[in-house]
Number of protein chains: 2
Amino acid sequence: MTVMTQKPVQNKQTQIAKHLLVLGAFLQREASRITSDFGLTQQQFVVLKTIEEKGPINQKDICCSLMFEKSNVSKIVKKLKRDCLIDISSGSDDNRVSILAVTPKGRKILERGMELFNEWNSAWLKGLSNGDIKQAIMVLRNLVNLAR
Amino acid sequence: MTVMTQKPVQNKQTQIAKHLLVLGAFLQREASRITSDFGLTQQQFVVLKTIEEKGPINQKDICCSLMFEKSNVSKIVKKLKRDCLIDISSGSDDNRVSILAVTPKGRKILERGMELFNEWNSAWLKGLSNGDIKQAIMVLRNLVNLAR
DNA sequence: AGATAATAGTTGCCATGTCAACTAACCTGA
DNA sequence: TCAGGTTAGTTGACATGGCAACTATTATCT
């Protein structure tokens with residue numbers, strides 16, 4: 001409840017969300033700088049990574065895992081297929097479903113991309129201690145779970 | 001350094017970044033659902049909020065504070081001006097600079113928007129204790145500072 | 001004093017992500 | 001068995017955000 005002449009109050013939960021919005025936008029831009037070398041956006045790279053981690057996998061599960069819009073995932077999958085980074089096969093018991101797996105070419109791009117990300121993330125997060133890092137991972141993992 | 005047949009390794013810093021990318025995309029979409037009622041995107045709303053918090057302010061400082069791309073901030077400022085949510089005046093000693101402040105109409109939108117955000121954020125973060133919340137704010141604030 | 005560099009902000013172009021509507025396949029209940 | 005509902009994925013339309021190049025102004029250096 002706000003007082004007329006005061007600044008609109010933001011509760012602590014909204015402070016969390018605001019930081020996530022700002023950090024998210026920043027990292028999306030920086031991550032896309034890295035992935036553009038492979039002709040991919042950062043969302044495309046993250047989808048490829050998810051297919052590699054959890055594959056073989058269908059699009060619905062990718063949507064749930066990453067909380068991406070399904071039309072976006074569909075378009076990304078189409079592009080990754082066109083670039084020969086993934087293979088698509090049919091689900092054996094449901095013809096609507098497509099099963100996705102990373103190709104060797106895709107794996108190579110992932111390997112190189114992860115090297116670059118690991119390097120870059122280590123640099124901007126250089127000021128974090130091991131304790132800070134573990135704490136951050138725990139906090140963020142918890143937030144991801146709440147979002148799902 | 002990765003072994004040929006194993007999954008590309010991601011270090012802990014990259015785990016942090018990945019969570020931020022996914023949470024950021026999710027919150028951007030959800031936040032835009034809320035702000036679309038005011039004819040604004042979530043980035044536009046965040047800029048308006050920043051002008052209200054730190055104003056009067058120039059565009060360069062908004063770019064630094066939010067780590068947004070300057071052409072984006074310029075376009076957002078133009079739209080907020082067109083919608084009569086902010087006023088623009090010239091810097092007194094540098095004609096390149098424009099000084100931005102929120103109008104009463106803008107303040108009203110902020111107040112209503114913050115109410116909706118506070119509500120929505122409280123809901124999806126319902127599972128967090130007060131200790132979790134404080135810890136999350138501390139972690140995220142630290143990450144924002146490292147990013148700047 | 002003037003040339004050059006840097007800065008604050010603007011704009012055109014374009015790829016992307018969202019939204020809504022769609023198709024094809026599967027599930028459920030009568 | 002079949003109508004209607006639900007689901008997995010696709011696609012068109014469109015607004016937006018990023019990139020690069022730009023203008024106008026200020027700062028710096030010779």
Side-chain angles (χ1 to χ4, degrees), chain A residues 21-22 24-48 51 56-83 86 88-100, chain B residues 21-22 24-48 51 56-83 86 88-100:
Chain A
L21 286 170
V22 168
F26 167 71
L27 283 174
Q28 278 154 23
R29 192 164 61 249
E30 295 303 319
S32 275
R33 283 203 228 276
I34 294 176
T35 59
S36 68
D37 286 341
F38 308 111
L40 299 177
T41 68
Q42 49 86 23
Q43 281 196 328
Q44 290 160 358
F45 190 90
V46 168
V47 168
L48 185 62
I51 296 173
I57 187 173
N58 63 19
Q59 293 191 30
K60 160 133 184 189
D61 288 343
I62 294 176
C63 292
C64 290
S65 180
L66 302 178
M67 295 174 288
F68 283 3
E69 221 274 330
K70 64 176 183 170
S71 63
N72 188 25
V73 171
S74 178
K75 291 181 183 186
I76 288 175
V77 162
K78 189 171 182 177
K79 171 172 166 66
L80 295 179
K81 167 71 176 170
R82 188 168 65 242
D83 291 358
I86 61 172
I88 302 176
S89 52
S90 297
S92 60
D93 62 338
D94 188 335
N95 282 333
R96 294 173 298 177
V97 168
S98 44
I99 301 294
L100 316 169
Chain B
L21 286 170
V22 168
F26 167 71
L27 283 175
Q28 278 154 22
R29 191 164 61 250
E30 294 304 320
S32 275
R33 281 202 229 277
I34 294 175
T35 58
S36 69
D37 286 341
F38 308 112
L40 299 177
T41 68
Q42 48 84 24
Q43 281 197 327
Q44 291 160 359
F45 189 89
V46 167
V47 168
L48 185 61
I51 296 172
I57 187 173
N58 63 18
Q59 292 190 30
K60 170 163 170 146
D61 287 343
I62 294 176
C63 292
C64 290
S65 181
L66 300 178
M67 296 174 286
F68 284 3
E69 219 275 330
K70 64 175 182 170
S71 62
N72 188 26
V73 172
S74 177
K75 292 177 179 181
I76 289 176
V77 162
K78 187 171 185 178
K79 171 170 166 70
L80 296 178
K81 166 68 172 169
R82 186 166 70 242
D83 291 356
I86 60 171
I88 302 177
S89 53
S90 297
S92 60
D93 61 338
D94 188 332
N95 281 335
R96 294 172 297 180
V97 168
S98 45
I99 301 296
L100 316 170

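Since this is a predicted model, take the numbers as computed values, not measurements. Reckoned from all heavy atoms, side chains included, excluding hydrogens, waters and symmetry mates. To find a chain, count down the sequence lines: A is the first, B the second, and so on, and within it residues start at 1.
- We find the CD1-CG distance between A:I51 and A:D61 to be 11.5 Å, quoted to the nearest 0.5 Å.
- Separating the CG atom in A:L100 from the OG atom in A:S98 is a distance of 5.0 Å, to the nearest 0.5 Å.
- In the helix from C:dA1-D:dT30 to C:dA30-D:dT1, the end axes, each obtained as the rotation axis mapping the C1' atoms of four pairs onto the next four within a five-pair block, lie 30° apart to the nearest 10 degrees.
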Can I get a per-line list of side-chain donor-acceptor pairs under 3.5 Å for residues 73-81 of chain B, giving both atom names and the distance, sequence neighbours left out?
unit_1, atom_1, unit_2, atom_2, d
B:K79, NZ, B:G39, O, 3.2
B:K79, NZ, B:D83, OD2, 2.9

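- To the nearest 0.5 Å, atoms CG (B:N58) and OG (B:S90) are separated by 12.0 Å.
- Within the 3.5 Å criterion, the main-chain N or O of B:A31 finds a donor-acceptor partner in the side chain of B:T35.
- With rounding to the nearest 0.5 Å, the separation of CD in A:Q42 from CG in B:L21 is 5.0 Å.
- Looking at residues two or more places apart in sequence or on another chain, you find a salt bridge (Lys or Arg N to Asp or Glu O under 4.0 Å) between B:E30 and B:R33.
- In this structure, CD of B:E30 is placed 12 Å from C1' of C:dT18, rounded to the nearest angstrom.
- Nucleotide C:dT18 holds its C1' atom 16 Å from the CG atom of B:L27, rounded to whole Å.
- To the nearest 0.5 Å, atom OG1 of residue B:T41 and atom CD of residue B:Q43 are 6.0 Å apart.
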(request) List the protein contact pattern of nucleotides 1-6 of chain D with one symbol per nucleotide (5' to 3'): B for base contact, S for sugar-phosphate-only contact, - for none; contact means a heavy-atom distance under 4.0 Å. (result) ------
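- To the nearest angstrom, P of C:dG9 lies 10 Å from CD1 of B:I57.
- When the P atom of C:dA8 is taken as reference, atom CG of B:D93 falls 12 Å away, rounded to whole Å.
- For A:R29, there are no salt bridge (Lys or Arg N to Asp or Glu O under 4.0 Å) partners two or more places apart in sequence or in a different chain.
- A:E69 and A:S71 form a side-chain donor-acceptor contact under 3.5 Å, judged by distance and modelled atom types alone.
- Atom pair A:N95:CG and D:dT10:P shows a separation of 13 Å (rounding to whole Å applied).
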(request) Take nucleotides 11-18 of chain D nucleotide by nucleotide from the 5' end and write B, S or -, depending on whether a protein heavy atom sits under 4.0 Å from the base, only from the sugar-phosphate, or from neither. (result) BBB--SSB
